[in-house]
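Written below as structure tokens is the structure these notes are about.
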Amino acid sequence: MVTRITELSEHIGESVTLQGWLYARTDKGKLVFMQVRDGTGIAQCVIFKRDVDEATFETALRLPQESSLTVTGIVRADQRAPGVPGGYELSVQSLQVIQKAEEYPIGPKEHGVEFLMDNRHLWIRSSRQWAILHVRATVMRAIRAWLDRNGYIEVSTPILTPAAAEGTTNLFEVGYFDDRAYLAQTGQLYNEADIFAFSRVYCFGPTFRAEKSKTRRHLTEFWMVEPEVAFCTLEQLLEVEEQLVSYIVQTALKENASELKLLGRDPAKLANMAPPFPRITYDDAVAKLKELQAASSDAEQKQLLDITWGMDFGAPHESALTQLYDKPVFVTGFPSAVKAFYMEPYPGRPEVCKSADLLAPEGYGEIIGGSERISDPDLLLKRIHDQNLPEAAYKWYIELRQYGSVPHSGFGMGVERTVAWICGIEHVREASPFPRLLNRLYP
RNA sequence: UCCUCGAUAGCUCAAUGGCAGAGCAACCGGCUGUUAACCGGUAGGUUACUGGUUCGAGUCCAGUUCGAGGAGCCA
């Protein structure tokens, strides 16, 4: 009978057996402290020389980090015991080494990014990475739970696609027999087909962008959930978004309290995530940014915040805007020219479209991009022509508007950016188990 | 693609143009409450690569490679 570390508190005074790996070890004379990981947590196992035979004590004293083992001992509650969740430790009675590990490269001291990324296959064992990936799993589970509970059906969209939805420069090209195919950048166009069969749908999977971006917010492969809703205006879509995001954050706060604590994330900064989120129009946001720019005394910041109406926001603009709110903020009504061809223009004001980005607080920036889609076939065709897109490739997409077209809206949410925000980490690469970056395809 | 910074022991980093160093990890020893323990000892080097300046280069110069941060683009 094997006990898991998360269940230790239910076995105080009992003899239990753990299976795991040696996370860290220190000794003090006739005493050895072993931090043992079992995948569910970390527990301190204490070996007193007088409690075990000579061979066991010698083994423990020399056991290398990350050796696999089975350990049996009495569970004790002890305030001094470190670990995850901590507070409980094992007085070891017996120890079996399954494999004595070779010298482990990742030690208890600090390491550089390149080294850690080269050792990502081992790095994920570290408590910090373990905590982040736990939160990631919670976020993904919460996304599905909320959508499933609210009448959405998950319909997978293809990864291998014939053409781009939004330009062709950022596509990964792959061979497709005698032809070429591209890795999907979005499932949205297929989602739009799916809503006419299922009304509310979402796709959830990896997305690929061959962008030569070298920033803390970019991966070339990332996970995105894309809900799409029939009979839905932009205003209604924003309500869906704020409810979903709030549910995700609240679920993580509830289920990953110890992980967030391990990450040093202050739960107070996430606690008030509840609808409604503030909304600001692009017009007002530009005016606000100009004020901020005028008020800035830093010359470099002044330069970065420079903006004129019609420009898309850069990272410094998003960052400055989010500092004004303690909740995520919607920016609506972007200029049509900087957004995708399929976004519905505002009636009487075609230079702006029914689009909305959701910017996460504390400078984390865009985690959602969404819009109401053009439902009129003639307008859609015109937009395709205006942008010199190949009409033939979009034949099926235009047909969706010819057989019972309805107002509809949808959005895409980036999982790694959302996880990075919730965890309060610097870089999205830590929010992915094996991140793919501009110069990183190993391991 | 552009801008800035960097590459020295397994890891993190020092070293005024003048003998290649420390901490951690490893190995040996000491210590019955460690939290990245502490104390003593041992071992560990093609200073990213190529060329140049110099009596002498880890250090200065040129080029190359790799990496980090940022911009643009985006979720």
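As the structure is a computational prediction, the values presented were derived from the model and not from experiment. Just so we're on the same page: letters track the sequence lines, and every chain starts at 1.
Shown for residues 79-103 of chain A: residues whose heavy atoms fall under 4.0 angstrom of RNA chain B, namely A/R80, A/P82, A/E89, A/E103. Contact check of residues 309-325 of chain A against RNA chain B (heavy atom, cut-off under 4.0 Å) returns A/D312, A/G314, A/A315, A/P316. Of the residues in residues 23-47 of chain A, those lying under 4.0 Å from RNA chain B by heavy-atom distance are A/T26, A/D27, A/K28, A/G29, A/K30, A/L31, A/F33, A/Q44. Contacts with RNA chain B (heavy atom under 4.0 Å) in residues 417-442 of chain A: A/R417, A/H427, A/R429, A/N439, listed by number.
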Please tabulate, for side-chain N and O atoms in residues 93-107 of chain A, each donor-acceptor pair with protein atoms closer than 3.5 Å (sequence neighbours left out).
from   : atom 1 : to     : atom 2 : distance (Å)
A/Q93  : OE1    : A/S15  : OG     : 2.9
A/Y104 : OH     : A/L122 : O      : 3.1

I'd like a table of donor-acceptor pairs (distance under 3.5 Å, sequence neighbours excluded) in which one partner is a side-chain atom from residues 418-425 of chain A, with atom names and distances.
from   : atom 1 : to     : atom 2 : distance (Å)
A/T418 : OG1    : A/G414 : O      : 2.7

Quiz: residues 286-294 of chain A side-chain donor-acceptor pairs under 3.5 angstrom, not counting sequence neighbours:
from   : atom 1 : to     : atom 2 : distance (Å)
A/Q293 : NE2    : A/K302 : O      : 3.0
A/Q293 : NE2    : A/D306 : OD1    : 3.4

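For residues 132-142 of chain A, every residue pair satisfying the salt bridge (Lys or Arg N to Asp or Glu O under 4.0 Å) rule, not counting sequence neighbours, is listed here: A/R136-A/E416, A/R141-A/E255. Sorted by first and then second residue, the side-chain hydrogen bond (donor to acceptor under 3.5 Å, both in side chains) pairs involving residues 430-443 of chain A (not counting sequence neighbours) are A/D118-A/R440, A/R128-A/E430, A/Q129-A/E430. The stretch residues 317-329 of chain A participates, sequence neighbours left out, in no salt bridge (Lys or Arg N to Asp or Glu O under 4.0 Å) pair at all.
Put simply, the side chain of A/R76 and the base of B/rG33 share a donor and an acceptor less than 3.5 Å apart. Side-chain atoms of A/K214 come within donor-acceptor range of the base of B/rA68, with a qualifying N/O pair under 3.5 Å.
At a threshold of 4.0 angstrom between heavy atoms, the contacts of A/G107 with the nucleic acid are absent. Note on A/M413: nothing from the nucleic acid sits closer than 4.0 angstrom, heavy atoms only. The residue A/H218 sits close to a base: some heavy atom pair falls under 4.0 Å. Heavy atoms of A/I106 sit nowhere under 4.0 angstrom from any nucleic acid atom.
Not counting sequence neighbours, the partners of A/F313 by the ring-ring contact (aromatic ring centres under 6.0 Å, His included) test are A/Y282, A/F334.
Picking from B/rA75, B/rG29, B/rG69 the nucleotide with the shortest atom distance to the side chain of A/R216 gives B/rG69.
In a base pair of the Watson-Crick type (N1 to N3 plus N6-O4 or O6-N4) or a G-U wobble (N1-O2 and O6-N3), with each distance short of 3.5 Å, B/rG72 is matched with no nucleotide. Shown here, B/rC55 forms a base pair with B/rG18; the pair counts as Watson-Crick or G-U wobble because both key distances fall under 3.5 Å.
Ring-to-base geometry places A/F222 in a stacked arrangement with B/rA75 (centre distance under 5.5 Å, plane angle under 30°).
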Tell me, for nucleotides 44-49 of chain B in 5' to 3' order, what letter each nucleotide earns: B for a base near a protein heavy atom under 4.0 Å, S for only sugar-phosphate near one, - for neither? ------

